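Order of the sequence lines fixes the chain letters, A, B, ..., with proteins taken first and strands second; residue numbering starts at 1 for each chain. Since the model is a prediction, treat every value here as computed from it, not as a measurement.
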Amino acid sequence: MSRHPARVGSAAPVADELPLIVIEPHTGWRGIDWRELREYKDLFFFLIWRNIKVRYAQSAIGIGWAVLQPVASMLVFTVIFGRLMGVQSDGAPYAVFAYAALVPWTYFANCLTEGSASMATNAAMISKIYFPRLILPLAIIGARMVDFFIALMILGMLLLAYGITPNAGIAVLPILLLILTLSAAGLGLWLTALAIQYRDINYGMSFGVQLLMYSAPVVYPASLIPERYQLIYALNPIVGVIEGFRAALLGTRAMPWDFIAIGGAVSLLLFTGGILYFRRKEHIFADVA
Amino acid sequence: MTDIAIKVERLSKAYRLGAMEERPETLIQAGLNMISAPLRNFRRLRSLDTFSSDREASDILWALQDVSFDIKRGEVVGFVGRNGAGKSTLLKILSRITEPTSGRAEIRGRVSSLLEVGTGFHPELSGRENIYMNGTILGMKKAEIDRKYDEIVEFSGVERFLETPVKRYSSGMKVRLAFSVAAHLEPEILIIDEVLAVGDAEFQKKCLGKMQDVAGGGRTVLFVSHNMAAIQNLCTRAIALIGGQVCDDGLPETVIEDYLARFRGQSGGFGDNPERRTSSAATFTGGRMLTSDGVENPNPFAGEPTVFELDYTAERSSIEARVVVIIFNQHNVAVTQLRTEPPITLGKRGVIRLTLKDTPLPIGKYTADVKLKEKDGNEDTVPNAFQFEIYFVKDCLHLAKVSSRMSSALSRQDLEHVIDGETASAVPGRKLSRDVDENPLVSGEQFG
């Protein structure tokens with residue numbers, strides 16, 4: 001015992017200082033327990049770090065995959081859509097035009113697929129220990145954000161190579177990233193909570209994400225959509241984000257404030273709804289996982 | 001009442017059992033079933049988390065029913081019960097892994113639960129990285145792990161492999177590392193489920209010691225184990241659960257004693273069966289399993305002696321024969337055998353008692369074949385003469401010592417032979433030997 005003086009000293013603090021945990025069945029809606037999340041912030045950061053580390057463990061190019069994925073898509077899209085089909089790109093070179101959309105899109109798509117699988121892949125952990133379940137999907141978003149910034153740096157280099165100077169619109173990028181993250185988290189939480197009970201979500205995910213991509217202006221410009229449908233089109237929060245990226249970095253158009261406003265509102269709704277639904281379903285995860 | 005650490009009031013938990021699929025009887029019906037399957041599946045999946053108020057519904061299992069108790073600060077409480085008695089469900093609810101269906105519990109203090117060693121261990125991460133990963137999952141702060149890091153490493157004894165991915169560790173090393181992290185938790189309330197069932201005997205001893213430190217340090221500990229000795233040594237109080245309900249609560253000695261008594265004296269199974277092969281002049285007429293004090297006990301306890309009592313009759317006296325009991329585990333692998341070596345001389349009617357000292361078998365289901373082999377090769381073989389299950393380990397540290405000297409010859413008192421009511425086991429040169437096969441695949445056919 002002499003080796004653990006700290007433990008002896010810390011034993012049995014005054015009863016009133018101890019936290020009280022009440023365990024009873026929950027049925028209603030619950031918001032986020034911020035205090036508890038702060039308690040577990042170290043776990044959150046370790047999980048982000050673990051996700052990154054494990055993803056590229058025993059791989060030759062390691063984190064290079066974060067670059068390879070959007071770059072390879074860009075090359076394919078440039079050849080097929082840019083060269084062969086001649087899809088217009090609002091005056092910018094098609095390669096940068098596509099890549100400027102692929103950076104946010106890849107981040108969004110990966111958050112969705114990986115996030116929705118997070119509960120099922122960590123089922124063993126969920127059924128053996130308590131921690132705020134929200135941490136799992138959120139840590140995946142954190143890890144994917146690191147990939148996002150790496151891909152963003154490549155975009156910077158690409159702009160340099162093409163001699164394109166971004167305009168003052170880049171000041172909006174943090175807001176766009178926030179909208180993107182809120183949408184990814186919101187939709188991701190819905191899907192996560194559903195996927196643990198209905199594995200169909202996991203099977204349909206890669207297919208669904210592919211469909212979603214064509215609903216967003218990734219390979220084509222939003223200007224292709226007829227004027228009168230544009231605002232309905234912007235209900236997809238990714239539309240405002242991608243067009244905003246292009247406006248700021250490539251100057252292909254004026255900053256689409258209307259798209260961003262609509263998308264921002266939708267992303268907030270998605271996020272709030274996602275949190276509420278996740279928190280409502282949370283207590284059954286260990287039983288149905 | 002501030003000295004109450006855990007207050008549990010009428011806690012219940014229901015689980016839904018998988019309902020049986022309807023079997024189609026015609027091809028058309030099979031086709032219709034296939035079309036309606038998604039809807040049916042959806043209903044079934046949705047119903048996983050909803051329970052009607054009808055407690056009698058056939059596919060609902062009440063894992064816990066109206067469990068209530070208070071635990072005072074500093075108490076070390078052991079939970080006793082068979083598989084399925086609700087122990088683990090209770091600990092899961094108190095660890096907040098799953099929610100109760102009804103009822104309420106209040107816990108005052110920081111809780112750490114160890115329902116498994118090495119939760120969150122990732123095979124690709126190194127030992128050092130997993131210490132941090134596992135530690136934070138168990139609720140430690142990074143700064144806290146930094147502070148205790150050297151101590152954790154020293155306790156685990158895997159210093160040399162800290163930079164190696166855990167997937168290259170032996171399972172023993174993994175357990176040691178994981179337990180070292182767990183052993184350095186400093187919660188006010190510690191919940192432990194069966195984690196001592198892993199690791200080698202020496203490490204188990206170390207863990208028990210460490211746990212005793214924790215228990216002595218004024219912490220509240222909830223402990224589930226099949227190891228009765230551990231509960232008796234470590235706990236200040238025991239609660240027995242049967243069928244999801246508290247059936248006994250009090251001092252560990254009395255609770256364990258009463259609890260074990262419930263399982264003694266249930267009927268055993270020695271029956272004639274179609275697989276029986278008889279060619280010998282002497283045959284078995286019956287048999288039973290007993291404790292050392294002669295009480296019938298079809299489900300022996302590991303750590304206590306088990307007596308196999310066999311009755312026989314013979315067409316004539318002075319038949320020389322070997323009597324063998326071969327014990328198979330649930331994978332039908334022979335794990336232990338008892339036999340009379342050299343052969344004994346049978347009377348016309350008698351009883352043979354073979355004792356399996358300490359019953360050194362892990363928890364699980366077993367069957368035993370009984371054989372009588374005459375010198376001329378004729379035999380009476382009764383496959384599956386006994387079926388039994390070991391639910392409890394009386395004392396695992398003691399067992400570890402026993403198993404290390406298992407293959408040594410055993411003393412004569414392990415065999416008792418009664419011919420027509422007179423003890424005949426004192427015959428010179430008649431001795432029982434017991435082999436516990438190093439190679440579990442060796443079947444009972446090797447002798448003869």
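Residues from residues 42-49 of chain A that place a non-hydrogen atom less than 4.5 Å from a non-hydrogen atom of chain B comprise A:Asp42, A:Leu43, A:Phe46, A:Leu47, A:Trp49, given in numerical order.
Electrostatic pairing of B:Asp193 and A:Lys128 does not count as a salt bridge here, judged by no charged N lying under 4.0 Å from a carboxylate O. A salt bridge links B:Glu129 with A:Lys53: at least one charged nitrogen is closer than 4.0 Å to a carboxylate oxygen. With salt bridges taken as basic N to acidic carboxylate O contacts below 4.0 Å, none links B:Lys7 and A:Glu24.
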Evaluation steps, side chain to side chain contact (heavy atoms under 4.5 Å, CB included), between B:Lys13 and A:Asp287: CA-CA 11 Å; B:Lys13 173 83 187 176; A:Asp287 293 341; 2.6 Å; yes
Any chance you could lay out the side chain to side chain contact (heavy atoms under 4.5 Å, CB included) test for A:His283 and B:Thr98, step after step, and finish with the verdict? CA-CA 6 Å; A:His283 69 274; B:Thr98 179; over 6 Å; no
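Heavy atoms closer than 4.5 Å to chain A are found in the side chain of B:Leu125, but not in its backbone. With a 4.5 Å cut-off on non-hydrogen atoms, B:Lys92 touches chain A through its side chain but not through its backbone. Contact annotation for A:Glu282: neither backbone nor side-chain heavy atoms come within less than 4.5 Å of a heavy atom of chain B.
The CZ atom of A:Phe131 sits 11.0 Å away from the CG atom of B:Leu138 when rounded to the nearest 0.5 Å. To the nearest 0.5 Å, atoms CD1 (B:Ile137) and OH (A:Tyr40) are separated by 10.5 Å.
The shortest distance between side-chain heavy atoms of B:Ser95 and A:Ile129 does not fall below 4.5 Å. Looking only at side-chain heavy atoms (C-beta outward), A:Ile23 and B:Ile93 come within less than 4.5 Å of each other.
Counting heavy atoms of neighbouring residues, nucleotides and ligands inside a 6.0 Å radius, atom CD of B:Glu163 exceeds 12 of them. Under a cut-off of 6.0 angstrom, the local environment of CZ in A:Arg30 is crowded, with over 12 non-hydrogen atoms contributed by other residues, nucleotides or ligands.
Chain B forms the most heavy-atom pairs under 4.5 Å with one residue out of A:Met125, A:Arg133, A:Lys41, and that residue is A:Met125. Options B:His122, B:Glu124, B:Glu106 differ in how many heavy-atom pairs under 4.5 Å they form with chain A, and the most are formed by B:His122.
Closest of all the heavy-atom pairs between B:Ser102 and A:Pro25 is CA-CG, 3.8 Å. Between A:Ile21 and B:Gly109 the shortest heavy-atom distance is CD1-O, 3.7 Å.
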